Asker: 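Have a look at the structure that comes next, please.
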Amino acid sequence: MSGKPRLTYFNGRGRMEPVRWLLAAAGVEFEEIFLETREQYEKLIKDGVLLFQQVPLVEIDGMKMVQTRAILSYIAGKYNLYGKDLKDRALIDMYVEGITDLMQMILMFPFSPPEAREKNLDSIKEKAINRYFPVFEKVLKQHGQDFLVGNKFSWADVQLTEAILAVEEKIPAVLSAFPQLQAFKIRMSNMPTIKKFLQPGSPRKPPPDEHYVETVLKTFKK
């Protein structure tokens, strides 16, 4: 094995995309194995590789890690993206959990029935504009620093950048009332490791399409 982390998931964003973002932001190259069939998934379960019969699966430092939150915490700690002390970590955790709640809505959107799409999109817009983005706008304005926590680049910055771009794909003008977040997005997008990840040909995955949705449903349905 090359020593690079190895990621096993579908060839799409889903719950693995924040892991790809965090590794890329840390400047870490990784390998990917894409699930395409139920047989592949069942073999992983049979081999005892998936602790809770769930993906994502990340093989790193001799461990076979599952559970997205545990994977992200480990990567953030390993690559010094988890603050300087427990108080920083608590803030990072709070911000990340909030962003994850918003991202969960985006994650599930491609799986909504066509008749629910418009309502779900309105819900994403309403929550982003009224509940989630105002928090980060206020944080950045109050402390006047480039990053969310401790004036140091962290996991929370990576996750927020991913969320902003994901919401903007669906609602292009979503940041119109948030000048701090507009500036934050530009700063983060110009950081060398993130800039590289945003270029064509990087491991970043495109928005989910019908093929991705079909592959996920086919793999998990008995």
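Heavy atoms only: backbone and side chains are in, while hydrogens, waters and symmetry mates are out. These numbers come from a predicted model, not from an experiment.
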Asker: Checking Leu35 against Leu44 for the side-chain contact (heavy atoms from CB on, under 4.5 Å) test, could you report, in this order, the C-alpha distance in whole Å, the side-chain angles of both residues, the deciding distance, and whether it holds?
Answerer: CA-CA 10 Å; Leu35 285 179; Leu44 288 171; 3.9 Å; yes

Asker: Do Thr100 and Gln159 have side-chain atoms, one donor and one acceptor, less than 3.5 Å apart?
Answerer: yes

Asker: Within a strict 4.5 Å, meaning less than it, do heavy atoms of the Leu160 and Tyr132 side chains meet?
Answerer: no

Asker: Report whether Met63 and Leu7 are members of the same hydrophobic cluster (ILVMFWY, side-chain heavy atoms less than 4.5 Å apart, transitive linking).
Answerer: yes

Asker: Supply the atom-to-atom distance Glu32 CD to Thr8 OG1, rounded to the nearest 0.5 angstrom.
Answerer: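 Interatomic distance, Glu32 CD to Thr8 OG1, rounded to 0.5 Å: 9.0 Å.
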
Asker: In terms of hydrophobic clusters joined by side-chain contacts under 4.5 Å, are Val58 and Ile33 together?
Answerer: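 Per the 4.5 Å side-chain linkage, Val58 and Ile33 are not co-clustered.
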
Asker: Where do Ala24 and Phe30 come nearest, in terms of heavy atoms and distance?
Answerer: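 For Ala24 and Phe30, the tightest heavy-atom pair comes out as N-CE2, 4.4 Å.
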
Asker: Got a sec: does the NZ of Lys152 have more than 12 other heavy atoms crowding it under 6.0 Å?
Answerer: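 Counting neighbours around NZ of Lys152, more than 12 heavy atoms of other residues, nucleotides or ligands fall under 6.0 Å, so yes.
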
Asker: Answer yes or no: is there a side-chain heavy-atom contact under 4.5 Å between Phe197 and Arg20?
Answerer: yes

Asker: To check you understand the geometry: which heavy-atom pair defines the closest contact between Thr68 and Arg15, and what is its length?
Answerer: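 Distance-wise, the nearest heavy atoms are CG2-O, 3.3 Å.
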
Asker: Report yes if the side chains of Asp209 and Tyr212 come closer than 4.5 Å at any heavy-atom pair, otherwise no.
Answerer: yes

Asker: Can you tell whether the side chains of Glu36 and Lys218 come within less than 4.0 Å, N to carboxylate O?
Answerer: no

Asker: Please find out if less than 6.0 Å separates the ring center of Phe34 from that of Phe10.
Answerer: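 Ring centroids of Phe34 and Phe10 are no less than 6.0 Å from each other.
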
Asker: Can you tell me how far NZ of Lys64 sits from CZ of Arg6, rounded to the nearest 0.5 angstrom?
Answerer: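 With rounding to 0.5 Å, CZ (Arg6) is 7.5 Å from NZ (Lys64).
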
Asker: Distance-only, no hydrogens or angles: does the Ser189 side chain make a donor-acceptor pair with backbone N or O of Ile186 under 3.5 Å?
Answerer: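 No: the side chain of Ser189 does not pair with the backbone of Ile186.
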
Asker: Partners of Gln182 by side chain to side chain contact (heavy atoms under 4.5 Å, CB included), sequence neighbours excluded?
Answerer: Leu175

Asker: Identify the heavy atoms of Leu148 and His143 that sit nearest to each other, and give their distance.
Answerer: O-NE2, 3.2 Å

Asker: Would you call Asp122 and Arg117 a salt bridge, using N to O less than 4.0 angstrom?
Answerer: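 No salt bridge links Asp122 with Arg117.
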
Asker: Treating Ile, Leu, Val, Met, Phe, Trp and Tyr as nodes and any side-chain heavy-atom pair under 4.5 angstrom as an edge, say whether Leu81 and Leu86 lie in one connected cluster.
Answerer: no

Asker: Hey, mind stepping through Arg89 and Asp93 against salt bridge (charged side-chain N to carboxylate O under 4.0 Å, His left out) and telling me if it holds?
Answerer: CA-CA 6 Å; Arg89 284 182 70 157; Asp93 285 344; 5.5 Å; no

Asker: Measuring from atom CG of Leu57 to atom CG of Leu50, what distance do you get when rounded to the nearest 0.5 angstrom?
Answerer: 6.0 Å

Asker: Quick one: do Glu214 and Lys221 make a salt bridge, cutoff under 4.0 Å?
Answerer: no

Asker: Quick one: CG on Leu121 to NZ on Lys119, what's the gap to the nearest 0.5 Å?
Answerer: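 Output value for this atom pair is 13.0 Å.
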
Asker: Answer yes when Glu42 and Arg38 have at least one side-chain N-carboxylate O distance shorter than 4.0 Å, and no when they do not.
Answerer: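 Counted as a salt bridge, because a side-chain N and a carboxylate O are separated by less than 4.0 Å.
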
Asker: Tell me if the centroids of the rings in Tyr95 and Phe136 come within less than 6.0 Å of each other.
Answerer: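 Yes, the ring centres sit under 6.0 Å apart.
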
Asker: Can you find a heavy atom in the side chain of Leu107 that is under 4.5 Å from one in the side chain of Gln104?
Answerer: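 SC-SC contact between Leu107 and Gln104 confirmed.
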
Asker: Give a yes or no on whether Glu115 atom CD has more than 12 heavy-atom contacts from other residues, nucleotides or ligands under 6.0 Å away.
Answerer: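 Atom CD in Glu115 is packed in, count exceeds 12.
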
Asker: If every non-hydrogen atom of Lys205 is compared with every non-hydrogen atom of Arg13, which pair is closest and at what distance?
Answerer: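 What the structure gives for the nearest pair is O-NE, 2.8 Å.
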
Asker: May I ask you to test the Ile75-Leu23 pair for a side-chain heavy-atom distance under 4.5 Å?
Answerer: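 Yes, at least one pair of side-chain atoms sits under 4.5 Å.
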
Asker: Mark yes or no for whether Gln40, through its side chain, and Thr37, through its backbone, hold a donor-acceptor pair below 3.5 Å.
Answerer: yes

Asker: Is it the case that over 12 heavy atoms from other parts of the model lie below 6.0 angstrom from the CD atom of Glu169?
Answerer: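 Counting other residues, nucleotides and ligands, CD of Glu169 exceeds 12 neighbours.
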
Asker: Can you measure from CE (Met94) to CG (Leu91) and round to the nearest 0.5 angstrom?
Answerer: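 Taking CE in Met94 and CG in Leu91, the distance rounds to 4.5 Å.
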
Asker: Does any non-hydrogen side-chain atom of Asp157 lie less than 4.5 Å from one of Phe184?
Answerer: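 Yes, side chains in contact.
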
Asker: Distance-only, no hydrogens or angles: does the Glu137 side chain make a donor-acceptor pair with backbone N or O of Leu181 under 3.5 Å?
Answerer: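 The answer is yes, because a donor-acceptor pair under 3.5 Å joins these two groups.
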
Asker: So Gln53 and Tyr41, do their side chains get closer than 4.5 Å, heavy atoms only?
Answerer: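 They are in contact (side-chain heavy atoms under 4.5 Å apart), so the answer is yes.
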
Asker: Distance check, rounded to the nearest 0.5 Å: Leu198 atom CG versus Met191 atom CE?
Answerer: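 If we round to the nearest 0.5 Å, Leu198:CG and Met191:CE are 12.0 Å apart.
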
Asker: Show, in sequence, the C-alpha distance, side-chain angles and deciding distance for Lys4 and Glu29, and conclude whether the salt bridge (charged side-chain N to carboxylate O under 4.0 Å, His left out) test is met.
Answerer: CA-CA 6 Å; Lys4 293 178 184 175; Glu29 292 186 357; 3.3 Å; yes

Asker: So, Glu126 and Arg131, do they make that salt bridge, N to O below 4.0 Å?
Answerer: no

Asker: Identify the heavy atoms of Ile71 and Pro56 that sit nearest to each other, and give their distance.
Answerer: CD1-O, 4.1 Å

Asker: If I compare all heavy atoms of Arg187 with all of Leu140, which pair ends up nearest, and what's the gap?
Answerer: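 Closest heavy-atom pair between Arg187 and Leu140: NH2-CD2, 4.2 Å.
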
